[in-house]
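Chain letters run A, B, ... following the sequence lines, proteins first and then strands; every chain starts at 1.
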Number of protein chains: 2
Amino acid sequence: VIIQIENDSEIPIYTQLTNQLTEGIAKGYLQAGVTLPSVRMLAADLGVNMHTVNKSYHELEKKGIIEIVPKSGAVIKPPRRISEGDSPYLRLSSELKPLIAEALVIGMEQTQIEHLVSNLIQDIKNK
Amino acid sequence: VIIQIENDSEIPIYTQLTNQLTEGIAKGYLQAGVTLPSVRMLAADLGVNMHTVNKSYHELEKKGIIEIVPKSGAVIKPPRRISEGDSPYLRLSSELKPLIAEALVIGMEQTQIEHLVSNLIQDIKNK
């Protein structure tokens with residue numbers, strides 16, 4: 001995965017890193033069981049603060065995407081069956097809701113929003 | 001609209017305010033043309049810092065949801081026709097993408113994500 005950090009973006013660097021690693025995993029460039037580079041190494045590679053990489057790894061762990069294993073490092077977790085009441089489902093739902101409300105408020109139609117989401121899924125799945 | 005601020009939430013207070021105002025507009029509790037309370041008044045009502053309300057109003061303005069009119073205040077904009085290439089469409093798309101990627105990575109199926117989004121739209125539209 002090639003990570004591209006934009007220093008002049010409105011999006012915090014740790015969020016850019018979290019998003020790009022997540023997309024890299026979604027696309028299959030990084031697979032379950034793989035250990036991500038150490039915080040020190042990735043920070044040096046990207047020319048960012050170790051604290052930034054650390055924050056991103058902890059965010060990925062909180063999202064259930066990686067597991068931080070003592071001595072081994074940040075290991076990518078396998079996907080699992082998610083049901084409607086599960087906490088990752090509820091968390092995603094509460095994160096999606098304000099964006100969906102925003103789309104409706106500015107004038108997007110229901111079908112337009114559904115179409116956008118389907119396109120994004122296809123776009124992420126296709127490398 | 002009844003705004004409920006959770007002080008011990010992980011979500012910053014200005015974001016909670018932005019999200020709840022957006023949902024209030026999506027549900028039709030607050031309609032286009034209506035002027036939101038002044039920053040000073042809403043801050044006093046909610047017991048939050050004026051800076052917090054100000055930040056939320058500026059975020060709503062950036063999202064194209066309100067217009068800050070000198071002397072009149074924060075006026076809710078009417079919905080408009082949004083096309084695929086429009087900047088609000090592209091912004092929403094780039095905000096939705098990491099969440100969709102996350103859903104796929106943790107193991108949600110395409111149909112499950114599409115179903116969740118349709119449910120959220122219904123949920124927001126129904127008061």
When only pairs under 4.5 Å are counted, which of I25(B), I11(B), I113(B), L116(B) shares the most heavy-atom pairs with chain A?
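If we count pairs closer than 4.5 Å to chain A, L116(B) comes out on top.
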
Residue among E114(B), Q20(B), K63(B) with most heavy-atom pairs under 4.5 Å to chain A:
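Ranked by contacts with chain A, first place is K63(B).
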
Could you check which of [options] has the highest count of heavy-atom pairs closer than 4.5 Å to chain B?
| options | result |
| --- | --- |
| P98(A), G64(A), A32(A) | P98(A) |
| L60(A), T22(A), N19(A), I121(A) | I121(A) |
| L104(A), D86(A), L92(A) | L92(A) |
| E102(A), E23(A), M108(A) | E102(A) |
| G107(A), P88(A), S83(A), P78(A) | G107(A) |

Could you measure the distance from the CD1 atom of I106(A) to the CD1 atom of I82(B)? Nearest 0.5 Å is fine.
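Reported value, rounded in 0.5 Å steps: 4.0 Å.
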
To the closest 0.5 Å, what do you measure between NZ (K125(A)) and CD (Q110(B))?
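Those atoms lie 4.5 Å apart.
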
Which portion of T18(A) sits near chain B, non-hydrogen atoms under 4.5 angstrom:
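Interface part for T18(A): neither.
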
Under 4.5 Å between side-chain heavy atoms, counting indirect links through other Ile/Leu/Val/Met/Phe/Trp/Tyr residues: same cluster for [X] and [Y] or not?
| X | Y | answer |
| --- | --- | --- |
| Y14(A) | I3(A) | no |
| L21(A) | M41(A) | no |
| V75(A) | L30(A) | no |

Heavy-atom pair of closest approach, residues [X] and [Y]:
| X | Y | answer |
| --- | --- | --- |
| A101(B) | A26(A) | O-CB, 4.0 Å |
| K97(A) | I124(B) | O-CD1, 3.7 Å |
| S93(B) | L120(A) | OG-CD2, 3.6 Å |

Side chain, backbone, both or neither: which part of E10(B) has an atom under 4.5 Å from a heavy atom of chain A?
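Contact with chain A is through the side chain of E10(B) alone.
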
Taking atom CZ as the centre, does R80(A) end up with more than 12 heavy-atom neighbours from other residues, nucleotides or ligands that are less than 6.0 angstrom away?
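Check passes, neighbour count above 12.
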
Is the count of non-hydrogen atoms from other residues, nucleotides or ligands lying under 6.0 Å from E109(A) atom CD greater than 12?
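Count not over threshold, so no.
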
Should D123(A) and I100(B) be marked as a side chain to side chain contact (heavy atoms under 4.5 Å, CB included) after you check the CA-CA gap, both sets of side-chain angles, and the distance that decides it?
CA-CA 10 Å; D123(A) 186 39; I100(B) 303 293; over 6 Å; no

Whether the Q112(B) and E84(A) side chains hold a donor-acceptor pair (N or O, under 3.5 Å, no angle test) is what I'd like checked.
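E84(A) and Q112(B) do not have a side-chain donor-acceptor pair below 3.5 Å.
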
